[in-house]
Amino acid sequence: MEHKTRDEHLFGPGPKRILALDGGGIRGILTLGYLKRLEDILRARYGNDPDFVLSDYFDLIGGTSTGSIIAAGLALGFKVEKLQDIYRTLASEVFKKPLLSLGLFSAKFPEEPLIEALTEHFGDHTLGSEELKTGLMIMTKRFDTGSPWVIYNNPQGKYFNPVGPDSTAIPNRDFLVRQVVRASTAAPHYFQPERFPVAQGVDGAFVDGGVSAFNNPSLQLFMLATIKGYGFNWPVGVDKLLLVSVGTGYVRAKLTAQDVINMPAVQLAGQSLLGLMSECDWLGQTLLQWMSDSPTAVRINSEIGNLSDDLLGGQKFLSYLRYNVRFDPAWIKEHIGVELEEKVVKGLTAMDQPKNVTQLANLGTTAAAVQMEEAHFPPQFDI
C-alpha cells in the first residue's frame, strides 16, 4: 500500500476521517482493543495488506493524556499491536509507585520512566517532522495561564510557523512530539507538570489535557477541523466528515443524598472535579449526537433520548461513531455479555493499576467485537 503524506491527508480531495482518543491513564489499553478491531476491519477491506495502518485511513488523529500517546504512535505509522506491547511495558515501568510517595506534597509517580519511554518510541521527532504520516492533535492545558492548548501539525495553522517582525512565539513545528505528549499526560497528583519554552524568554507549565473540558477530545477535534481560524477548513456533511471517538471506560455516580452529606470535604472536592469532567464529556457527546448521523448514538437522558430524530439547524453536519464501556456489572453483562463481580469492575476504574492491564485489554477486545460493526464505516469514506 502506498502511504499518503501528511499534506495529502490534510489538503487532498475527498471526505475526511478523524479519530479521537480519550484520556484515562492505564485504561488506554482498553481503547487499543477497539482500535485493533478497527484496524482488522479496515485491513480486510483493503485486501489484507500487511502494511496497512490506521494512519492510512484517518486524516487527523487526536488525543488527550493517554490518548495522546496512542494518537502520536498511530500518526507515526505504528500498528496497534505495537502500541499494545508498549502499553504493557508502560504499565509496569511508569506506574511503579515509590514506597513513600502518597501524591500529597509531590507527584505520586516519578516522571523519569515516562520520559524514557516517550523518548525511546518517539525519539526527537518534532510536530513538523515528515515521520508524522497524517494530521496529529495533542490536547493539553497550560496551567500558568489557565488555558487549554490545542497543539497540532497543520502547516497552515497560525502558530505552526509564525512569521512577522513582531512574532516571538516558538513555532509549533519545532515542538518535540515526546515533550508535547508528556505535557498532555502530566496528570495533577500523578505526575509533575511539564515545562518548556513557548516564546522567546517565556516558558509554559503544562498539565494533563484531561483537566480541561476536553478529556474526550472529540468536540475539540470537530472544531479544529471546521473552524476557519485553525486552517483546516474541512467541509461538513454526513458524507464529507467522519468522526470516530473511542473512550477508556466511564463511571456513572451511584450515590444517595446521605452519602453526599456525609462525605468528607476533601472527598467532596475530588468527586466534584470528577463530576465536572464527566459533565464535559456528556456535553460533547450530546452536541455531537445532535449534529450528526450516528448509528452508535446512546440515550443522553430520559428527556431528550439519543437525539437521532433531532436536527440542529435542519441538517446533520457529520457522521459520528462513539465506542466506550460503562464500568457497571449490569451494563457490561447486558451490552457485552461478560459477567464480572462488582469489586472487580470497581477496581478496573483505577487509572494507575498495572495489575488491571490484562483484564482491561480483554474487556476492550470483547466490547469491540460486540459494538463495532464493519457497516459503521460506509464506503463513501473509503480511501
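Worth knowing before you read on, the calculation uses all heavy atoms, side chains too, and leaves out hydrogens, waters and symmetry mates.
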Looking at [Y] and [X], is any side-chain nitrogen of the basic one under 4.0 Å from a carboxylate oxygen of the acidic one?
X    : Y    : result
D85  : K82  : no
E111 : R182 : yes
R17  : D59  : yes

Are [X] and [Y] packed together at the side-chain level, in the sense that at least one heavy-atom pair is separated by less than 4.5 angstrom?
X    : Y    : result
M291 : Q315 : no
I29  : N356 : no
L242 : L318 : no

Quick one: closest heavy-atom pair of [X] and [Y], and the distance?
X    : Y    : result
I26  : A91  : CD1-CB, 3.4 Å
L288 : S292 : O-OG, 2.7 Å
T296 : L321 : OG1-CA, 3.5 Å
A186 : Q192 : CB-O, 3.4 Å
I18  : A225 : CD1-CB, 3.8 Å

Look at atom CD of Q380 and say whether more than 12 heavy atoms of other residues, nucleotides or ligands are closer to it than 6.0 Å.
->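 For Q380, atom CD is crowded (more than 12 foreign heavy atoms under 6.0 Å).
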Identified salt bridge (charged side-chain N to carboxylate O under 4.0 Å, His left out) counterpart of R45 within the set D382, D40, D56 |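 Checked D382, D40, D56 against R45; only one passes salt bridge (charged side-chain N to carboxylate O under 4.0 Å, His left out): D382.
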Partner of F206 under ring-ring contact (aromatic ring centres under 6.0 Å, His included), chosen from F191, W149, F175 =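 Exactly one pass, corresponding to W149.
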When the side chains of residues 226-236 are checked against the rest of the protein, which donor-acceptor pairs come out under 3.5 Å, sequence neighbours left out?
from: T226; atom 1: OG1; to: F222; atom 2: O; distance (Å): 2.7
from: W234; atom 1: NE1; to: L10; atom 2: O; distance (Å): 2.9

Just checking, any donor-acceptor pair under 3.5 angstrom between side chains of Q371 and Y34?
->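 The criterion, which ignores hydrogens and geometry beyond distance, is satisfied for Y34 and Q371.
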Cut-off 3.5 Å, side chains only: do D22 and T248 have a donor facing an acceptor?
->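 No, no side-chain donor-acceptor pair sits under 3.5 Å.
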Do the side chain of T168 and the main chain of Q200 share a donor and acceptor less than 3.5 angstrom apart?
->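 Pair absent, no side-chain N/O of T168 close to backbone of Q200.
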Hydrophobic clusters join Ile, Leu, Val, Met, Phe, Trp and Tyr when side-chain heavy atoms are under 4.5 Å apart, directly or via other members; which others share one with F160?
->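 None; F160 is a cluster of one.
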Does NZ or CZ of R252 fall inside the cone over W282's six-membered ring, less than 6.0 Å from its centre and within 45° of the axis?
->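 Judged by the rule (NZ or CZ under 6.0 Å from the ring centre, within 45° of its axis), R252 counts as positioned above W282.
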